[in-house]
Amino acid sequence: MTISNGDGDSAAKDGRRERKRKRRAEPSLVKWKTEGEQKTYSSKLIEALRRVRRSSATGAASAATDHSRSRAVREAADRALAAAARGRTRWSRAILCGRTLKRRVLPRAGRPKPVGPARAAERSKPPALKTKARVLGRLVPGCRKLPLPSLLEEVSDYIAALEMQVRAMSVIAEALSAVGGAPSPAQTEGPI
Amino acid sequence: MSSRRSRSRQMSSSRITDEQINDLLTKLQAVLPEAHLRSTDRVSAAKVLQDTCNYIRSLHREVDDLSERLSELLANNDINSAQAAIIRSLLR
């Protein structure tokens, strides 16, 4: 079997060019469903959980309320999830840049709408859609001022990532509740 | 060049078409939980956006509940290296 380089090459190049354009526009959603990705995320999350536990133990025990600890767990989980996205999506970059930036961005949200072709595009959408799109943009980190097509792409990736996060955290919680209960390492090897 | 501009104004946008948005909405609808119940013909944009918002909110709530559960489990006992190894083997 011979591989022809003549026409096939240019066709492959066109296909690659098209694929390159598509790859930039649509981050692959399949990777969030793979077991490997979930295992990697679970390991990273376990390490982060150990850090949270250590930091809450060394700090003032009275100040470490349940709520602040669960908040720290949630933030560690979100940060690990954003790191798993490898910076290809806007929401992951927004999470990694730190939640404090979100508060700084708020005053800028009052800016007037951009002039030009963008205004024509917004006029085509009914106001009900606009408000729903704005609510959606507020739910996804870092996507408040995004135009609708980019917002929808970010949303689909964010949903897939969140589903993986829920799956991984459930598995860890089940494993911890099965294994935990004994602070000393010697007793944990008994039932297993 | 001026003819292109007037044509784009008639199409209501130069790059973003309604078809593109509809296509993205269809894909988004496929990801939502009750995708198998809905017919694939009609994509009501408002309904898809509303369902997406609700779904993201419910996912956030699940993550919060799991974080609370994990923090409670952590409070009782730290994950030492032996337990971490056991958990990793359970995940495998």
Side-chain angles (χ1 to χ4, degrees), chain A residues 29 38-39 42-43 46-47 49-50 52-54 56-57 66 69-74 77-78 117 120-121 123-126 128-129 132-133 135-136 139-140 147-149 152-153 155-156 158-160 162-163 165-166 169-173 175-183 185 188-189 192, chain B residues 5 8-18 20-21 23-25 27-33 45-50 52-60 62-92:
Chain A
L29 302 179
Q38 191 174 327
K39 275 181 217 150
S42 307
S43 319
I46 290 178
E47 293 307 312
L49 289 176
R50 292 172 79 178
V52 166
R53 176 61 166 80
R54 242 173 264 141
S56 75
D66 292 327
R69 202 173 34 236
S70 71
R71 182 100 195 103
V73 167
R74 168 83 202 265
D78 286 343
R123 221 183 282 141
S124 70
K125 300 190 200 97
L129 269 187
K132 291 209 202 295
V135 170
L136 195 55
L139 280 174
V140 183
L148 192 54
L152 294 180
E153 309 228 353
V155 162
S156 43
Y158 187 54
I159 287 185
L162 278 181
E163 287 171 344
Q165 186 181 32
V166 166
M169 288 175 79
S170 322
V171 166
I172 293 180
L176 263 186
S177 52
V179 166
T188 55
E189 313 216 0
I192 299 171
Chain B
R5 238 181 283 148
S8 70
R9 232 177 262 147
Q10 281 172 20
M11 286 201 314
S12 85
S13 110
S14 50
R15 259 171 269 143
I16 311 169
T17 61
D18 282 339
Q20 258 183 305
I21 294 185
D23 185 48
L24 285 169
L25 283 173
K27 257 182 252 165
L28 190 55
Q29 192 186 29
V31 179
L32 294 181
K47 183 101 177 37
V48 172
L49 289 182
Q50 184 65 52
T52 311
C53 292
N54 296 339
Y55 189 45
I56 292 186
R57 274 196 212 109
S58 79
L59 284 174
H60 279 174
E62 271 196 70
V63 173
D64 278 331
D65 290 341
L66 283 167
S67 309
E68 269 194 58
R69 192 170 156 204
L70 278 176
S71 86
E72 273 169 40
L73 288 167
L74 279 180
N76 299 333
N77 44 0
D78 190 8
I79 314 177
N80 53 39
S81 49
Q83 286 172 315
I86 293 174
I87 294 177
R88 259 182 232 118
S89 64
L90 283 175
L91 293 171
R92 224 163 274 137

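Chain identifiers are assigned alphabetically (A, B, ...) following the order of the sequence lines, protein sequences preceding nucleic acid strands; residue numbering begins at 1 within each chain.
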Considering non-hydrogen atoms only, spot the tightest contact between A:P149 and B:I21 and give its length. CG-CG1, 4.3 Å

Non-hydrogen side-chain atoms of A:S177 and B:R69 separated by less than 4.5 Å: yes

Counting C-beta onward and ignoring hydrogens, is there a side-chain heavy-atom pair between A:S170 and B:L66 closer than 4.5 Å? yes

Got B:R57 and A:V135 here, is their nearest side-chain heavy-atom distance under 4.5 Å? yes

Value rounded to 0.5 Å, distance of CG in A:L152 from CG in B:D23: 10.5 Å

A:R74 and B:H60, any side-chain heavy atoms less than 4.5 Å apart: yes

Name the region of A:A128, side chain, backbone, both or neither, that has any atom closer than 4.5 Å to a heavy atom of chain B. neither

Contact part of A:Q38 toward chain B, heavy-atom cut-off under 4.5 Å: side chain, backbone, both or neither? neither

With only heavy atoms counted, which part of B:L28 is less than 4.5 Å from chain A, the side chain, the backbone, both or neither? side chain

d(A:L139 CG, B:T52 OG1) to nearest 0.5 Å is 10.0 Å

Can you tell me if A:R53 uses its side chain to pair, donor with acceptor, with the backbone of B:L74 under 3.5 Å? yes

Quick check: closest heavy atoms across A:V166 and B:E62, and the distance to 0.1 Å? CG1-OE1, 3.2 Å

Sort A:L136 into side chain, backbone, both or neither according to what part of it lies under 4.5 angstrom from a heavy atom of chain B. both

Could you state the interatomic distance from CG (B:L73) to CG (A:L49), rounded to the nearest 0.5 Å? 10.0 Å

Looking only at non-hydrogen atoms, find the nearest pair between A:M169 and B:S67 and report the distance. CE-OG, 3.6 Å

